[in-house]
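The figures that follow rest on heavy atoms only: side chains count, while hydrogens, waters and symmetry mates do not.
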Amino acid sequence: MSEVKNLLVLPRLRVQNANAISSPMTWGFPAMSAFVGLMHALERKLFSAGINVSLSNVGVICHDFEAQATEGGYIRGFHLTRNPVDKTGGTAAIVEEGRVHLDITLIFSIDSAATESEHEDIAYQIGEIVSGMRIASGSVIPNRAVPSHKQRPQWVTFDDDEEERQKQFARLKRRWLPGFALTLRDDYLTEHLQTLQQQNPEASLLDAWLDLSRLNHYSTLENEGESNEKPVWQAQRPYRGWLVPIPVGYGAISDLFNPGEVANARDTKTKFRFVESLYSIGEWVSPHRMKQPEDLLWYVDNDEEAGLYRLNNDYHLRATAQ
């Protein structure tokens with residue numbers, strides 16, 4: 001990803017009842033594809049409103065996460081509503097999605113031919129439009145826990161001088177604390193697969209993904225061979241950091257069909273293809289650990305010939321180089 005010149009920051013948005021089921025195999029924070037979808041929908045709304053800007057990358061910082069689920073030992077259950085009965089008097093066969101309340105900051109890379117004097121007004125208009133949109137199916141509501149001046153949309157133009165650019169980014173990072181930004185760690189997944197294959201040559205990427213998605217415990221014997229011998233359990237993590245399993249896009253499982261060729265498709269004007277979710281490993285990183293704005297931004301990185309429709313993030317490229 002090329003160096004970002006302008007950022008649009010929408011701080012401290014309160015999102016109520018966002019979708020907490022991010023894929024068929026993961027739940028929790030919404031998938032990054034939901035925020036990329038928001039970015040594309042926002043760009044279309046801005047164009048319709050006569051605001052000609054280009055949005056190409058998106059980042060999310062989570063300040064608060066409140067899953068609408070019941071805590072109970074090792075099992076959690078979503079708070080579900082009672083659905084209306086059907087014509088026979090029975091409960092309709094509808095399963096409501098899991099929900100979560102979020103406090104987030106959205107960051108977009110933005111380009112426009114507008115003059116610098118117009119940037120503040122454009123940022124305000126974008127903030128007003130986003131307040132009426134859905135974010136990961138959730139509603140944007142007033143955030144009464146944060147002063148209004150800290151929720152003001154901001155357009156940031158980075159200086160060409162690298163030292164001044166770093167100072168600008170440092171000021172932004174302080175405003176984003178406390179919070180955590182979701183980044184991509186494909187490198188951990190690849191490296192851990194190699195580690196597992198040294199022990200078991202038949203280990204697969206799925207094995208590596210599942211192993212990184214859980215906290216493994218193992219036991220050692222204390223005072224082995226003595227009368228007071230006892231097992232001691234310890235948790236084992238192959239890498240430091242807050243790692244989570246995440247969906248990163250979709251992979252094709254069929255050919256690409258022409259518009260209207262597949263019955264009951266939602267859009268009869270666009271080519272159609274059956275897909276399944278793609279998974280990787282993500283890491284929640286505090287903004288103060290990031291070196292440059294590109295570290296927290298996600299972008300579309302499709303390979304249509306290979307049937308891959310996925311998102312990417314370059315944080316791991318700089319993290320491994322440090």
Side-chain angles (χ1 to χ4, degrees), residues 2-18 30 32 34-64 101-160 164-182 287 290 292-300:
S2 59
E3 187 177 86
V4 171
K5 181 63 176 176
N6 301 289
L7 285 184
L8 175 71
V9 182
L10 302 179
R12 301 288 182 162
L13 299 176
R14 183 67 177 170
V15 183
Q16 188 177 60
N17 288 328
M32 284 305 302
F35 298 101
V36 171
L38 167 72
M39 179 178 69
H40 292 158
L42 175 60
E43 194 173 39
R44 291 193 293 269
K45 284 182 175 290
L46 294 175
F47 183 78
S48 299
I51 305 172
N52 296 321
V53 300
S54 174
L55 306 175
S56 52
N57 310 292
V58 60
V60 182
I61 297 170
C62 183
H63 306 285
D64 187 38
H101 299 337
L102 300 170
D103 186 351
I104 59 174
T105 290
L106 288 178
I107 302 102
F108 301 99
S109 64
I110 185 170
D111 289 300
S112 172
T115 62
E116 188 173 348
S117 60
E118 298 175 308
H119 289 174
E120 184 177 350
D121 184 56
I122 292 175
Y124 174 80
Q125 293 182 64
I126 292 176
E128 288 294 299
I129 292 174
V130 169
S131 66
M133 297 179 66
R134 292 274 186 168
I135 298 179
S137 298
S139 303
V140 181
I141 63 174
N143 191 347
R144 304 191 187 282
V146 179
S148 58
H149 70 275
K150 292 186 177 181
Q151 302 180 52
R152 188 177 300 120
Q154 184 182 14
W155 182 309
V156 179
T157 299
F158 288 106
D159 198 275
D160 293 331
E164 182 59 31
R165 176 185 172 91
Q166 288 298 323
K167 291 180 180 179
Q168 290 176 292
F169 188 47
R171 286 193 291 268
L172 282 175
K173 290 189 291 184
R174 286 195 294 269
R175 295 173 188 169
W176 296 337
L177 296 176
F180 291 89
L182 186 60
M290 297 185 169
Q292 46 193 321
E294 293 80 11
D295 287 349
L296 60 86
L297 296 177
W298 290 72
Y299 57 93
V300 177

[X] side chain near [Y] side chain, heavy-atom distance below 4.5 Å:
| X | Y | answer |
| --- | --- | --- |
| Leu182 | Met32 | yes |
| Ile135 | Leu106 | yes |
| Asn17 | His101 | yes |
| Pro30 | Leu102 | yes |
| Trp176 | Val9 | yes |
| Gln151 | Leu13 | no |
| Ser54 | Glu43 | yes |

Distance, nearest 0.5 Å, that separates [atom1] of [X] from [atom2] of [Y]:
| X | Y | atom1 | atom2 | answer |
| --- | --- | --- | --- | --- |
| Arg171 | Lys167 | CZ | NZ | 8.5 Å |
| Ser109 | Leu297 | OG | CG | 6.0 Å |
| Met133 | Leu42 | CE | CG | 5.5 Å |

Might you work through the side chain to side chain contact (heavy atoms under 4.5 Å, CB included) test for Arg14 and Asp64, ending with a clear yes or no?
-> CA-CA 9 Å; Arg14 183 67 177 170; Asp64 187 38; 3.4 Å; yes
Which atoms form the tightest heavy-atom contact between [X] and [Y], and what is the distance?
| X | Y | answer |
| --- | --- | --- |
| Met290 | Ala181 | CE-CB, 3.6 Å |
| Arg165 | Asp159 | CB-O, 3.7 Å |
| Leu55 | Met39 | CB-CG, 3.6 Å |
| Lys150 | Arg12 | O-CG, 4.1 Å |
| His40 | Val300 | CE1-CG2, 4.2 Å |
| Glu294 | Val4 | OE2-N, 2.6 Å |

In sequence, state the C-alpha distance, the side-chain angles, and the governing distance for Val60 and Trp298, and then conclude on side chain to side chain contact (heavy atoms under 4.5 Å, CB included).
-> CA-CA 9 Å; Val60 182; Trp298 290 72; over 6 Å; no
Of the options [options], which is the one that meets [X] in a side-chain contact (heavy atoms from CB on, under 4.5 Å)?
| X | options | value |
| --- | --- | --- |
| Ile107 | Leu8, Leu172, Ile61 | Ile61 |
| Ile110 | Leu46, Val156, Leu7, Val53 | Val53 |
| Leu10 | Ile104, Thr105, Val130 | Val130 |

Measure up the Phe158 and Phe169 rings against each other and bin them: parallel (under 30°), tilted (30 to 60°), perpendicular (over 60°).
-> perpendicular
Is the number of heavy atoms from other residues, nucleotides or ligands under 6.0 Å of Lys45 NZ greater than 12?
-> no
Is Glu120 atom CD crowded by more than 12 heavy atoms from other residues, nucleotides or ligands, each under 6.0 Å away?
-> no
